[in-house]
Amino acid sequence: PLAKVITVGTSKEGRPLRIVKIGGDDERHARENPCILIYAREHGTEPDASWAAQGAMSYLCSSDESAVRLRQTLTFLIVPMLDPDSAAASRYEGMIRSFSVGCESVESVAYGETFKLWVNEHFRLDIIFNFHNVESAEASHLSCPCIQNQIPQKRYARLLHENIIKSAARSWRIPLQGNPWGDDVLGARLGWWLSTCYGPLHLAYELNSQDRARHLTLEDLRATSKLIVIESARFLDSPDGILLKQAVQVERYSLDSRWTPDAKKHIYQNIIAAELLCKARCAKK
């Protein structure tokens, strides 16, 4: 009863596209509450991400005192499986890069219209987490593949990331890779599109339950997202978090005047250039 399951459309193959909304039920404060979006499974063959999203939902719907407080003061939107068709087919990539002009999919249009309506009805959107998972030798249990490079969001993203990594390292009692892999953008994806259009902070995380030194259970994966949720809420209450919320609002309102055809073309050209640079760096590795 504490979660509202919203079906925003159907995939190309007819599967439901769902967003779970938790918190923000007090109509008087719903539009004032900060909002955190968590989405998983851009890549169909990365199930750790969905388990982490499920863990966030379970925690936020629990009777834990901290979860009760979070439901009262924040709104959470959770997408446990962004691309259900690719997940069903065990296909690595499907509609992931369809959030740009000329590349739209039925899925990206459905999600895009939903979030556009959300923002236009004056609900907030402050932080976005994009969950993935890597194979056993690629990275530690939790790492950040890239961090957005816009100013001032880049500074706030690094501060929040440092808090999350420190908390995870304490929880697991193991060292974790602290620095993000790079500052590249994830062009044409949902998080990039939302950040570009509406200004929220965007962080991607790679989960890894099969680290060679120590494996994680499903319960460990679920607890990872709980940790991320708690650290995000603490950050939003901090002086830096308050500044972030103000910066997101300023960016959101200023972006409204920038969406001319020429501005769109310039943004997409920059994104393509950034993606080519990212691919070149990966090839060198």
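The analysis underlying the following values was restricted to heavy atoms, covering all of them including side chains, and did not include hydrogens, waters or symmetry mates.
Between the CD1 atom of Ile228 and the CZ atom of Phe129 there is a distance of 6.0 Å, given to the nearest 0.5 Å. Between Ile164 atom CD1 and Leu203 atom CG the span is 6.5 Å, to the nearest 0.5 Å. With rounding to the nearest 0.5 Å, the separation of CG in Leu142 from OG in Ser209 is 12.5 Å. In this structure, CG on Leu17 lies 8.5 Å from OG1 on Thr7, to the nearest 0.5 angstrom. Taking CD1 of Ile36 as the reference point, atom CG of Leu77 lies at 10.0 Å (rounded to 0.5 Å). Separation of atoms CG (Leu74) and SG (Cys35) is listed at 8.5 Å; rounding is to 0.5 Å.
Looking at heavy atoms from C-beta onward, Phe131 lies out of side-chain contact with Leu221 at the 4.5 angstrom threshold. With contacts defined as side-chain heavy-atom distances shorter than 4.5 Å, the pair Leu227/Ser171 qualifies. Contact of the Lys21 side chain with the Thr75 side chain is registered, since non-hydrogen atoms from C-beta on lie closer than 4.5 Å. For the pair Glu104/Phe99, no side-chain contact is recorded, criterion being any heavy-atom separation below 4.5 Å from C-beta on. In this structure the side chain of Ser195 never reaches within 4.5 angstrom of the side chain of Leu201, judged on heavy atoms. Side-chain contact check for Asp126 versus Leu244: every heavy-atom pair is 4.5 Å or farther apart. Side-chain contact between Leu70 and Leu60 is present, with at least one heavy-atom pair separated by less than 4.5 Å. In this structure the side chain of Tyr39 never reaches within 4.5 angstrom of the side chain of Ile78, judged on heavy atoms.
When hydrophobic clusters are built by joining Ile, Leu, Val, Met, Phe, Trp and Tyr residues whose side-chain heavy atoms come closer than 4.5 Å, directly or via intermediates, Val248 is grouped together with Leu243. Under a hydrophobic clustering in which Ile, Leu, Val, Met, Phe, Trp and Tyr are joined whenever their side-chain heavy atoms come within less than 4.5 Å, directly or via other members, Ile96 and Val106 fall into different clusters. Phe115 and Ile6 fall within the same hydrophobic cluster, defined by Ile, Leu, Val, Met, Phe, Trp and Tyr side-chain heavy atoms under 4.5 Å apart, directly or through other members. Grouping the Ile, Leu, Val, Met, Phe, Trp and Tyr side chains by contacts below 4.5 angstrom, directly or via other members, places Leu2 apart from Val68. Both Leu218 and Val229 belong to a common hydrophobic cluster when Ile, Leu, Val, Met, Phe, Trp and Tyr are linked at side-chain heavy-atom distances under 4.5 angstrom.
The backbone N or O of Arg222 sits less than 3.5 Å from a side-chain atom of Ser225, completing a donor-acceptor pair. For Thr73 (side chain) and Arg69 (main-chain N/O), a donor-acceptor pair under 3.5 Å exists by modelled atom type. Proximity of a side-chain donor or acceptor of Ser238 to a complementary backbone N or O of Phe235 within less than 3.5 Å is detected. Checked by atom type and distance alone, the side chain of Lys245 pairs as donor or acceptor with a backbone atom of Leu236 at under 3.5 Å. Counting only distance, with no hydrogens or angles, the side chain of Tyr111 and the backbone of Leu82 share a donor-acceptor pair below 3.5 Å. Of the possible donor and acceptor atoms, one in the side chain of Trp118 sits under 3.5 Å from a partner among the backbone N and O of Arg124. Side chain of Ser86 to main chain of Gly44: no donor-acceptor pair is present (N/O by atom type, distance under 3.5 Å, no hydrogens or angles).
With sequence neighbours excluded, the residues forming a ring-ring contact (aromatic ring centres under 6.0 Å, His included) with His141 are Trp172, listed by chain and number. Residues forming a salt bridge (Lys or Arg N to Asp or Glu O under 4.0 Å) with Glu93 (at least two apart in sequence, or on another chain): Arg97. For the side-chain contact (heavy atoms from CB on, under 4.5 Å) test, residues two or more places apart in sequence or in another chain that qualify with Asp220 are Leu216, Thr217. Annotation: ring-ring contact (aromatic ring centres under 6.0 Å, His included) contacts of Tyr205 (sequence neighbours excluded): His161. Partners of Asp85 under the side-chain contact (heavy atoms from CB on, under 4.5 Å) rule, at least two apart in sequence or in another chain, are Ser11, Lys12, Glu13, Arg15, Asp83, Arg91, Glu107. Legend: residues meeting side-chain contact (heavy atoms from CB on, under 4.5 Å) with Val134, ordered by chain and number and at least two apart, are Glu138, Ala139, Trp181, Glu206, Asn208. With sequence neighbours left out, Asp240 forms a salt bridge (Lys or Arg N to Asp or Glu O under 4.0 Å) with Arg155. Residues satisfying the side-chain contact (heavy atoms from CB on, under 4.5 Å) criterion with Lys166, sequence neighbours excluded, are Arg170. Considering only residues two or more places apart in sequence or on other chains, His132 meets the ring-ring contact (aromatic ring centres under 6.0 Å, His included) condition with His43. Shown here are the side chain to side chain donor-acceptor pair (under 3.5 Å) partners of Glu135, two or more places apart in sequence or in another chain: there are none.
Between Asp211 and Ser140, the shortest heavy-atom contact is OD2-CA, 3.5 Å. For Ala53 against Pro80, the heavy-atom pair with the smallest separation is CB-CA, 3.9 Å. Ala40 approaches Ala49 most closely through the heavy-atom pair CB-O, 3.4 Å.
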Check your understanding: Asn163 and Arg234: side-chain contact (heavy atoms from CB on, under 4.5 Å), yes or no, with the steps?
Key -> CA-CA 9 Å; Asn163 293 346; Arg234 286 176 181 165; over 6 Å; no

Exercise for review: Decide yes or no on side-chain contact (heavy atoms from CB on, under 4.5 Å) for Arg18 and Val79, but give the supporting numbers first.
Suggested key: CA-CA 6 Å; Arg18 290 178 173 140; Val79 184; over 6 Å; no

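Pairs engaging residues 34-51 under the salt bridge (Lys or Arg N to Asp or Glu O under 4.0 Å) rule: Glu42-Arg189 [sequence neighbours left out]. For residues 49-87, no pair satisfies ring-ring contact (aromatic ring centres under 6.0 Å, His included), with sequence neighbours left out.
By the neighbour-count criterion of 12 heavy atoms within 6.0 Å, atom CD of Glu65 is sparsely surrounded, having that number or fewer from other residues, nucleotides or ligands.
Checked by atom type, the side-chain pair Ser58/Gln54 shows a donor-acceptor distance below 3.5 Å. Side-chain contact, Ser62 with Asp64: no donor N or O sits under 3.5 Å from an acceptor N or O.
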